[in-house]
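Notes to accompany the following structure.
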Amino acid sequence: MSVARPVVLLLSGPNLNLLGERQPDIYGTATLEEHVAAARKEAERHGLDIEHVQSNVEGDLVAAVHGARGRCAAIVVNAAALTHYAWSLSDALETFEGPVVELHLSNPSGREAWRHTSVVAPVADGLVAGLGGHGYVLAITAVARLLEDRDASP
Ligand code: DQA
């Protein structure tokens with residue numbers, strides 16, 4: 001009998017479906033599919049599964065977080081521009097019981113002032129930003145470590 005592996009929900013916000021074509025000088029030339037594949041490979045190394053949801057609609061991401069409650073072990077979220085103003089997503093993430101890692105390809109803190117606010121940060125355990133596509137692998141590594149720590153704590 002096979003035992004189900006813990007699932008990490010990887011959430012991708014608006015316009016990330018255009019990665020590869022969109023501002024490659026900032027976001028690189030890899031596609032979202034390629035980033036998800038790299039995250040999935042790293043997850044497998046840690047005995048985790050990845051479920052990926054990309055949407056250009058705030059409510060879809062809120063619903064995905066609701067669907068993860070009580071079912072997924074952790075969430076990695078690149079909310080894209082929603083990071084900077086989507087309080088409904090922030091509220092939804094706050095209801096999630098597992099670790100949450102905020103992820104960005106670029107470093108929003110070093111860009112335009114409107115990107116300096118993150119409504120995800122107050123409800124995230126940590127942040128991976130500015131490391132390009134490598135961030136997808138690092139975020140999964142971070143989640144695996146956070147889950148190990150949780151399992152080890154009494
Ligand atoms: C982003 C940074 C956001 O400011 C921007 O709106 C995005 C992508 C990143 O991955 O660097 O769409 O989340």
Side-chain angles (χ1 to χ4, degrees), residues 6-46 48-69 71-147:
V7 176
V8 178
L9 176 65
L10 175 58
L11 274 184
S12 299
N15 304 305
L16 294 179
N17 53 312
L18 299 180
L19 286 176
E21 295 168 33
R22 175 191 179 208
Q23 294 181 280
D25 49 321
I26 295 176
Y27 299 119
T29 52
T31 64
L32 183 58
E33 268 177 21
E34 288 168 333
H35 293 312
V36 174
R40 190 160 273 134
K41 201 168 159 198
E42 180 65 9
E44 273 167 18
R45 268 179 16 88
H46 296 281
L48 302 168
D49 274 342
I50 295 278
E51 188 175 299
H52 177 236
V53 174
Q54 189 279 328
S55 179
N56 298 317
V57 178
E58 181 174 344
D60 289 349
L61 298 177
V62 170
V65 173
H66 292 179
R69 297 177 71 238
R71 188 178 64 82
C72 293
I75 297 179
V76 172
V77 52
N78 184 347
L82 293 175
T83 304
H84 312 301
Y85 63 90
W87 289 106
S88 64
L89 181 59
S90 181
D91 279 352
L93 288 166
E94 194 163 31
T95 72
F96 181 72
E97 57 287 338
V100 173
V101 172
E102 178 180 353
L103 170 64
H104 301 285
L105 290 151
S106 67
N107 178 10
S109 299
R111 299 178 63 194
E112 303 95 316
W114 64 270
R115 295 185 204 269
H116 297 180
T117 298
S118 168
V119 300
V120 173
V123 294
D125 293 274
L127 166 72
V128 176
L131 301 171
H134 194 44
Y136 280 80
V137 174
L138 294 174
I140 297 300
T141 311
V143 147
R145 179 63 68 87
L146 290 169
L147 290 171

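For ligands, and for the atoms within them, numbers begin at 1 and follow the listed sequence.
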Does ligand 1 come near enough to Pro108 that some N or O of the ligand is less than 3.5 Å from an N or O of the residue?
no
Heavy-atom nearest neighbour in the protein, as seen from atom 1 (C) of ligand 1, with distance rounded to 0.1 Å:
His104 ND1, 3.6 Å
Which is it for Asn107 and ligand 1 at heavy atoms under 4.0 Å: side chain, backbone, both or neither?
neither
Can you tell me which residue and heavy atom of the protein come closest to atom 11 (O) of ligand 1, and the distance to 0.1 Å?
Ser106 OG, 2.6 Å
Test of understanding: given a 4.0 Å heavy-atom threshold, classify the contact between Arg115 and ligand 1 as side chain, backbone, both, or neither.
side chain
Closest heavy-atom pair and its distance - Ile75, Ala68:
CD1-CB, 4.3 Å
Nearest protein heavy atom to atom 4 (O) of ligand 1, by residue and atom, and its distance?
His84 NE2, 2.7 Å
Ala80 versus Gly13, closest heavy-atom pair with distance
CB-C, 4.0 Å
Identify the protein heavy atom lying closest to atom 9 (C) of ligand 1, giving its residue, its atom name and the separation to 0.1 Å.
Leu105 N, 3.4 Å
Taking distance alone, with N or O pairs closer than 3.5 Å, would you say Asn78 contacts ligand 1?
yes
Heavy-atom pair of closest approach, residues Leu32 and His52
CD2-CE1, 3.6 Å
Within the 4.0 Å heavy-atom cut-off, what Arg22 brings close to ligand 1 is side chain
